[in-house]
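Notes to accompany the following structure.
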Amino acid sequence: MLTVLSPAKRLNETPHSVDFAPTVPDFAADALRLAKVARGLSGKDLCALMNISPALGLLNHARFKAFRGNAPGQPAAFIFDGDTYAGLEARRMEPDTLLWAQGHLRILSGLYGLLRPLDAIQPYRLEMGSKLANPKGADLYAYWGRKIAKALNDLAAEQGAKELINCASAEYFGAVDLKALKLSVVTPVFLEERNGEAKVVSFWAKKARGAMARFISQHHLTDPTDLRGFDLGGYTYSPAQSDATRLVFSRQAAAGA
């Protein structure tokens, strides 16, 4: 069983010591190729590409200008700092958990394609849905094509996995070519209940997807049925709302949900 997560827009560039040496992303050459394309865009262009503020446009223009193939980086699971990573809590993982995640957890990325938790990456922002024209097409989905699915197939063969737990957003999971993928996909869904109604609340769902990835890694889970025991954050499995491809978890709405 493998798990995939989305990356995060917000980054935490504070160094974090770890017992393991950082690894090199499998698609580092592709990242450099895409960074060179993005380097040709102005800060204003990047604002339009990703619908970001002028300050973020200038920041990411500088990041792409500084992007180099041999530049040092930080492990992906530590530098990403959004809601999902508040749930994953990679910086607090025990070495055994982190090492297991290195072999079974992957982070989808617009720039790097597919990342292991300990893959050293440079600061960047390039959302998978960005319409960045490139030598392979009009957007990043065209660039990555079947490459990500094939990499997941190879990893599954190496680990003996038959299922892929999709803890990523629709934007990022859309980069996985399902026709090329040889794994069965199981998607956890997290609902907040209030006044007899249940709905997905983005902030809490993102955090819960990260917590699910942590739960899987902590317990070294290899069977999707074992995910039903997930109870972090007060969630409980809802069998009546679930099926073979969709595992639903619900809880009473948290304050502010």
(request) Determine, using the 4.5 Å side-chain heavy-atom cutoff (strictly less than), whether Val18 and Phe80 are members of one ILVMFWY cluster. (result) yes
(message) Is the shortest side-chain heavy-atom distance between Tyr235 and Glu192 below 4.5 Å?
(response) yes
(request) Under the side chain to side chain donor-acceptor pair (under 3.5 Å) rule, collect the residues that match up with Asp139, sequence neighbours excluded. (result) none
(request) Tell me, please, which residues at least two apart from Arg92 pass side chain to side chain donor-acceptor pair (under 3.5 Å). (result) Glu89
(message) Restricting to salt bridge (charged side-chain N to carboxylate O under 4.0 Å, His left out), what partner residues turn up for Asp96, sequence neighbours left out?
(response) none
(request) Any chance you could lay out the side-chain contact (heavy atoms from CB on, under 4.5 Å) test for Thr3 and Arg106, step after step, and finish with the verdict? (result) CA-CA 6 Å; Thr3 304; Arg106 293 294 180 267; over 6 Å; no
(request) Taking the side chain as every heavy atom from C-beta outward, state whether Asp19 and Pro95 have any pair of such atoms under 4.5 Å apart. (result) yes
(request) Please lay out, stage by stage, how Arg251 and Glu193 fare under the test salt bridge (charged side-chain N to carboxylate O under 4.0 Å, His left out). (result) CA-CA 6 Å; Arg251 67 174 184 180; Glu193 295 184 359; over 6 Å; no
(request) Answer whether the closest heavy-atom distance between the side chains of Ile216 and Trp100 falls below 4.5 Å. (result) yes
(request) Name all residues meeting the salt bridge (charged side-chain N to carboxylate O under 4.0 Å, His left out) criterion together with Arg10; count only those two or more places apart in sequence or in a different chain, and write none if there are none. (result) Asp81
(request) Verify the neighbour count for atom NZ of Lys150: are there more than 12 heavy atoms of other residues, nucleotides or ligands below 6.0 Å? (result) no
(request) Going by the side-chain contact (heavy atoms from CB on, under 4.5 Å) test, name the single residue among Leu152, Val185, Asn166, Val4 that passes it with Val176. (result) Leu152
(request) Check whether the side chains of Thr97 and Ser217 place a donor and an acceptor atom closer than 3.5 Å, and report yes or no. (result) no
(message) List the residues meeting side chain to side chain donor-acceptor pair (under 3.5 Å) with Ser130, not counting sequence neighbours, and say none if there are none.
(response) none
(message) Salt bridge or not between Lys207 and Asp83? Use side-chain N to carboxylate O under 4.0 Å.
(response) no
(request) Please name all residues satisfying ring pair (Phe, Tyr, Trp, His ring centres under 6.0 Å) with Tyr237, sequence neighbours left out, ordered by chain then number. (result) Phe249
(request) Identify, with sequence neighbours excluded, every residue that meets ring pair (Phe, Tyr, Trp, His ring centres under 6.0 Å) alongside Phe215. (result) His219, Phe230
(request) Please list, chain by chain and in numerical order, all residues satisfying ring pair (Phe, Tyr, Trp, His ring centres under 6.0 Å) with Tyr141, sequence neighbours excluded. (result) none
(message) So Asp231 and Thr236, do their side chains get closer than 4.5 Å, heavy atoms only?
(response) no
(message) Tell me every residue that passes side chain to side chain donor-acceptor pair (under 3.5 Å) with Ser238, counting only those two or more places apart in sequence or in another chain.
(response) Gln241
(request) Might you confirm whether atom CZ of Arg246 has over 12 heavy atoms from other residues, nucleotides or ligands at distances under 6.0 Å? (result) no
(request) Give a yes or no on whether the backbone of Val186 and the side-chain of Glu163 come within a donor-acceptor separation of less than 3.5 Å. (result) no
Less than 3.5 Å apart, which donor and acceptor atoms pair up between the side chains of residues 114-129 and the rest of the protein, not counting sequence neighbours?
| residue | atom | partner | partner atom | Å |
| --- | --- | --- | --- | --- |
| Arg116 | NE | Asp119 | OD1 | 3.0 |
| Arg116 | NH2 | Val24 | O | 2.6 |
| Arg116 | NH2 | Asp119 | OD1 | 3.2 |
| Asp119 | OD1 | Thr23 | OG1 | 2.6 |
| Asp119 | OD2 | Arg116 | N | 2.9 |
| Gln122 | OE1 | Arg68 | N | 3.2 |
| Gln122 | NE2 | Arg68 | O | 2.5 |
| Tyr124 | OH | Ser109 | OG | 2.7 |
| Arg125 | NE | Glu127 | OE2 | 2.8 |
| Arg125 | NH2 | Glu127 | OE2 | 2.9 |

(request) Check whether Leu247 and Leu183 end up in the same hydrophobic cluster, where Ile, Leu, Val, Met, Phe, Trp and Tyr are linked by side-chain heavy atoms less than 4.5 Å apart. (result) no
(message) Looking only at the side chains, is there a donor atom on one of Arg91 and Tyr85 sitting less than 3.5 Å from an acceptor on the other?
(response) no
(request) Tell me, yes or no, whether the heavy-atom count around Asn51 atom CG, taken from other residues, nucleotides or ligands under 6.0 Å, exceeds 12. (result) no
(message) Checking the side chain of Arg209 only, and the main-chain atoms of Pro188 only, is there a donor and an acceptor separated by less than 3.5 Å?
(response) no
(request) State whether Glu13 and Arg63 are salt-bridged, where the test is any N-O pair (Lys NZ or Arg NE/NH1/NH2 against Asp/Glu carboxylate O) under 4.0 Å. (result) yes
(request) Establish whether Ile52 and Leu11 are linked, either directly or via other cluster members, by ILVMFWY side-chain heavy-atom contacts under 4.5 Å. (result) yes
(request) Considering only Ile, Leu, Val, Met, Phe, Trp and Tyr, and joining two whenever side-chain heavy atoms are under 4.5 Å apart, list the other residues clustered with Val248. (result) Val189, Leu191, Val200
(request) Would you indicate whether the side-chain heavy atoms of Leu164 and Leu181 approach each other to under 4.5 Å? (result) yes
(request) Using salt bridge (charged side-chain N to carboxylate O under 4.0 Å, His left out) as the criterion, list what pairs up with Lys147, not counting sequence neighbours. (result) Asp30
(message) Just so I know, are the side chains of Ile165 and Met1 near enough to count as touching, which here means a heavy-atom distance under 4.5 Å?
(response) yes
(request) Run the numbers on Leu105 and Leu88 for side-chain contact (heavy atoms from CB on, under 4.5 Å), then give the verdict. (result) CA-CA 11 Å; Leu105 174 64; Leu88 182 66; 4.3 Å; yes
(message) Would you say that Leu2 contacts Leu155 through its side chain, given a criterion of any heavy-atom pair below 4.5 Å between the two side chains?
(response) yes
(message) Would the distance check show the side chain of His61 and the main-chain N or O of Gly57 forming a donor-acceptor pair, the cut-off being under 3.5 Å?
(response) no
